[in-house]
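Hydrogens, waters and symmetry mates play no part in the numbers below; they use all other heavy atoms, side chains included. The structure displayed is predicted, hence computed values, not measured ones.
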Amino acid sequence: MSTPEELRYTAEHEWVALADGGRARIGITDYAQNQLGDVVFVELPAVGARLDADEPFGEIESTKSVSELFAPLDGEVVAVNDAVTASPETVNSDPYGEGWLVEVAVDDPSAVEALLTAEAYRRVIDN
C-alpha cells in the first residue's frame with residue numbers, strides 16, 4: 001500500500017494535500033480503495049457546500065459496500081472532481097492523483113497539522 005509522506009491522513013482513510021492559499025485537496029487512501037474493491041459510484045457535494053470536520057460529505061460505492069466519506073477539515077468546497085463521478089474506477093487506479101475527490105478552501109489551514117502523518121496512518125492500518 002502506498003502512503004505518500006507529503007500527505008496527511010485521517011483514521012477514516014481520507015488523505016489531505018494542503019496547497020498554497022489555504023486550499024486542500026482531499027481523496028481516499030490506497031488502503032481504502034483496496035479494501036473497497038472496484039469503485040462503481042461516487043457521490044460528492046456541490047461547489048459551495050460547507051464541510052464540517054469529521055462529518056460525512058459524500059459516499060463511495062463499490063461492488064462490496066457503500067461507505068461514507070468524512071471531511072478531514074472545516075471549509076467550503078471550491079472544486080469537485082467530475083472525472084471520478086463520470087469514471088469512478090479512477091479512484092482505484094490513481095487514488096492520490098487523478099482520483100482526488102474535492103478541493104476545499106480550508107477555514108484554518110493550520111488544522112492540517114492535527115491530522116495523521118504517513119507514519120501514524122500506517123500504524124492505524126497495521127492494527
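- In this structure, Arg25 CZ and Leu7 CG are separated by 11.5 Å, a value rounded to the nearest 0.5 Å.
- Val124 and Ile26 end up in different hydrophobic clusters when Ile, Leu, Val, Met, Phe, Trp and Tyr side chains are linked at under 4.5 Å.
- For Gly37 against Asn92, the heavy-atom pair with the smallest separation is O-ND2, 2.9 Å.
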Item to complete: Let me see the working for Phe41 and Thr85 under side-chain contact (heavy atoms from CB on, under 4.5 Å), right down to the final yes or no.
Response: CA-CA 7 Å; Phe41 178 76; Thr85 56; over 6 Å; no

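- Within the 4.5 Å cutoff, the side chain of Leu101 has heavy atoms near those of the Val91 side chain.
- Judged purely by atom type and a 3.5 angstrom limit, Asp94 uses its side chain to pair as donor or acceptor with the backbone of Gly97.
- Trp15 places none of its side-chain heavy atoms less than 4.5 Å from the side chain of Arg8.
- Contact annotation: the side chain of Thr29 never approaches that of Pro95 to less than 4.5 Å [non-hydrogen atoms, C-beta and beyond].
- Hydrophobic clustering, with ILVMFWY side chains joined whenever heavy atoms are under 4.5 angstrom apart, keeps Leu115 apart from Ile125.
- Put simply, Val102 and Val39 are part of the same group of oily side chains (I, L, V, M, F, W, Y) that touch within less than 4.5 Å, one to the next.
- Using a 4.5 Å heavy-atom threshold, the side chains of Val40 and Thr63 count as touching.
- Hydrophobic clustering keeps Tyr31 apart from Val16 (ILVMFWY residues linked when any side-chain heavy atoms are closer than 4.5 Å, directly or through intermediates).
- The pair Glu76-Arg50 does not meet the salt-bridge criterion, since no charged nitrogen lies less than 4.0 angstrom from a carboxylate oxygen.
- The heavy-atom pair separating Trp100 from Val80 by the smallest distance is CH2-C, 4.0 Å.
- Residues Val104 and Val47 share a single hydrophobic cluster, defined by chaining ILVMFWY side chains whose heavy atoms lie under 4.5 Å apart.
- Summarising the local packing, CD of Glu119 is surrounded by 12 or fewer heavy atoms from other residues, nucleotides or ligands at distances under 6.0 Å.
- Atom-to-atom distance recorded for Leu69:CG and Ile28:CD1 is 7.0 Å, nearest 0.5 angstrom.
- Contact of the Asp38 side chain with the Ser62 side chain is not registered, since no non-hydrogen atoms from C-beta on lie closer than 4.5 Å.
- What you find for Ala105 and Val78 is that their closest heavy atoms are CB-CG1, 3.8 Å.
- To the nearest 0.5 angstrom, Glu98 atom CD is 8.0 Å from Thr90 atom OG1.
- Using cut-offs of 30° and 60° for the angle between ring planes, the Tyr121 and His13 rings count as perpendicular.
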Worksheet item: Taking it one step at a time, do Leu51 and Asp74 satisfy side-chain contact (heavy atoms from CB on, under 4.5 Å)?
Response: CA-CA 5 Å; Leu51 298 189; Asp74 296 327; over 6 Å; no

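- Between the CG atom of Asp126 and the CE atom of Met1 there is a distance of 10.0 Å, given to the nearest 0.5 Å.
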Item to complete: Take Phe70 and Glu14 through the side-chain contact (heavy atoms from CB on, under 4.5 Å) test and state the conclusion after the steps.
Response: CA-CA 7 Å; Phe70 291 91; Glu14 282 83 24; 4.0 Å; yes

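- Contact check for Val84 versus Leu44: side-chain heavy atoms found under the 4.5 Å cut-off.
- In plain terms, the two heavy atoms of Gly99 and Asn81 that are nearest each other are C-ND2, 4.2 Å.
- Contact of the Leu73 side chain with the Asp107 side chain is not registered, since no non-hydrogen atoms from C-beta on lie closer than 4.5 Å.
- When all heavy atoms are compared, the tightest approach of Gly22 to Leu18 is C-CD1, 4.5 Å.
- At a threshold of 4.5 Å between non-hydrogen side-chain atoms, the residues Thr10 and Leu116 do not count as touching.
- Of the inter-residue distances, the one linking Glu59 atom CD with Glu61 atom CD reads 8.0 Å to the nearest 0.5 angstrom.
- What you find for Asp30 and Ser2 is that their closest heavy atoms are OD2-N, 2.9 Å.
- Note: Glu68 CD to Glu43 CD = 10.0 Å, rounded to the nearest 0.5 Å.
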Discussion item. Between Leu36 and Ile60, does the side-chain contact (heavy atoms from CB on, under 4.5 Å) criterion hold? Intermediate values first, please.
Written reply: CA-CA 9 Å; Leu36 284 167; Ile60 190 162; 3.8 Å; yes

